[in-house]
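Just so you know, these numbers come straight off a predicted model, no measurement behind them.
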Amino acid sequence: MKKTKKLLCILLAAVLCLGTGLAVNGQEAEAAGKVVAPKKAICGVGASHANSFTVDLAEKGDTIKNIKVYLGSKRTKNLYVRKTYINKGYESETYREAPYARINFYAKKAGTYKIKFDVYKKNKKKRTSRTVSVYANGTGAVISSVTIDGRNVSGYSDNYTPSDYYTTKNSGKIKFKLAKGYKIKKIKINYYSKNGKEITKTFKNGKKATFGKYAYSYSSSQSAQNSMWAVTRFDITYKNGYAKNKSEKEGVVSYYVNKRASKWYKAKY
């Protein structure tokens, strides 16, 4: 009888240990899925300069509710925000796609806003809350301004995104300024030689640049073409202070200076 009681005690202890192990593992599994949202974002002023960010949800069935926008401590309607997409997630024996949501937004006026929202579980219980700071200004573009020989060539309205400039000059001091939250890591200047070879050099921001002389030309038995512009491309590698993922923390944006052509290189095919 004593042996039987002893055996029952051992079995009960084993069951309790197994149950505890399952509970711990369950907690670990739940903790493994996290709600991930960026802390900062950027956009322009006006609907044409909208932006978006994604929110990685913890579990299938999670949803976003109670989106509110603040300017300082007061609610505002000057930043328009909408949840535009939700991926409920998918899981099979061989493939798993984590659930996520996308939030789009644009500003009616420049300023620094805060988007606050709640994430709810499928059982309608609140899981967590998140806050995203949004800096809204101009076009929301990475390049905010460009000067050549001290003259601002960025355009004359907030609807202009700095991307290219046309000139008859052979050279000029060119300086790029990036929007808030972005920093220049390096700049490369690219242009073509008379042999049609692309030349790439390192460029220091604010220094004098010699623009490319040779434009594209092409001829065949059926057609011929001489481009009007010799193109010089500046590739700006930048660090993105608003990115949440490592793959998005660095990017490249290009700016083009187009010089009226007087010389051409022959394209090779």
What's the shortest heavy-atom distance between [X] and [Y], and which atoms?
X: Leu178; Y: Lys183; value: CD1-C, 3.8 Å
X: Ala141; Y: Ala179; value: O-CB, 3.3 Å
X: Ile103; Y: Phe105; value: O-CD2, 3.9 Å
X: Ala230; Y: Ala261; value: N-CB, 4.1 Å
X: Ser193; Y: Ile199; value: CB-CD1, 3.8 Å
X: Asn190; Y: Thr200; value: OD1-OG1, 2.7 Å

Quiz item: Are Phe176 and Tyr255 an aromatic pair by the rule of ring centers under 6.0 Å?
Solution: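 Yes, they do, as the ring centres are separated by less than 6.0 Å.
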Heavy-atom side-chain contact between [X] and [Y] under 4.5 Å:
X: Cys43; Y: Val134; result: yes
X: Asn240; Y: Tyr182; result: yes
X: Ile148; Y: Lys173; result: no
X: Thr237; Y: Ile187; result: no
X: Lys114; Y: Val69; result: no
X: Tyr113; Y: Val132; result: no
X: Ser52; Y: Tyr85; result: no
X: Thr147; Y: Ile174; result: no

Donor-acceptor pair, distance only, cut-off 3.5 Å: does the side chain of [X] make one with the backbone of [Y]?
X: Arg130; Y: Val35; result: yes
X: Trp264; Y: Ser227; result: yes
X: Asn258; Y: Val231; result: no
X: Thr63; Y: Tyr120; result: no
X: Asn123; Y: Lys125; result: yes
X: Ser254; Y: Asp235; result: no

Self-check item: Residues Lys259 and Ser262: side-chain donor-acceptor under 3.5 angstrom
Solution: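 Looking only at side-chain atoms, Ser262 and Lys259 do not form any donor-acceptor pair under 3.5 Å.
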Quiz item: Side-chain donor-acceptor pair under 3.5 Å between Thr202 and Lys188, yes or no?
Solution: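 Distance-only check passes for Thr202 and Lys188.
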For residues [X] and [Y]: do they belong to one hydrophobic cluster (side chain heavy atoms under 4.5 Å, members Ile, Leu, Val, Met, Phe, Trp, Tyr)?
X: Tyr216; Y: Met228; value: no
X: Trp229; Y: Tyr191; value: no
X: Ile86; Y: Tyr100; value: no

Distance-only criterion, 3.5 Å: show the donor-acceptor pairs between side-chain atoms of residues 70-80 and protein atoms not counting sequence neighbours.
unit_1, atom_1, unit_2, atom_2, d
Thr76, OG1, Asn78, N, 3.1
Tyr80, OH, Arg82, NE, 3.1
Tyr80, OH, Arg82, NH2, 3.1

Practice problem: Rounded to the nearest 0.5 Å, what's the gap from NZ on Lys175 to CD1 on Ile184? Could you check? | Solution: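 The CD1 atom of Ile184 is 9.0 Å from NZ of Lys175, to the nearest 0.5 Å.
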Quiz item: Can you tell me how far CD of Glu250 sits from NZ of Lys239, rounded to the nearest 0.5 angstrom?
Solution: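 Here the interatomic distance stands at 7.5 Å.
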Practice problem: Give me the one residue out of Lys126, Lys68, Lys124, Lys65 that meets salt bridge (Lys or Arg N to Asp or Glu O under 4.0 Å) with Asp118. | Solution: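 That would be Lys126; it is the only one of Lys126, Lys68, Lys124, Lys65 passing the salt bridge (Lys or Arg N to Asp or Glu O under 4.0 Å) with Asp118.
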Self-check item: Heavy atoms of other groups near Lys83 NZ, more than 12 under 6.0 Å
Solution: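 Enclosed.
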Exercise. Take the angle between the ring planes of Phe234 and Phe203 and call it parallel below 30°, perpendicular above 60°, tilted in between.
Key: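 If you compare the ring of Phe234 with that of Phe203, the planes turn out perpendicular.
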Salt-bridge contact [X]-[Y] (side-chain N to carboxylate O under 4.0 Å):
X: Lys121; Y: Glu59; result: no
X: Glu198; Y: Arg233; result: yes
X: Lys34; Y: Asp56; result: no

Quiz item: What residues form a salt bridge (charged side-chain N to carboxylate O under 4.0 Å, His left out) with Lys169, not counting sequence neighbours?
Solution: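 Lys169 satisfies salt bridge (charged side-chain N to carboxylate O under 4.0 Å, His left out) with Asp149 once adjacent residues are dropped.
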Exercise. Would you please test Thr210 and Lys213 for side chain to side chain donor-acceptor pair (under 3.5 Å) and show each step?
Key: CA-CA 9 Å; Thr210 300; Lys213 298 178 181 179; over 6 Å; no
Quiz prompt | Lys194 to Tyr214, cation-pi by 6.0 Å centre distance and 45° axis angle | solution =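 Pair Lys194/Tyr214 does not count as cation-pi.
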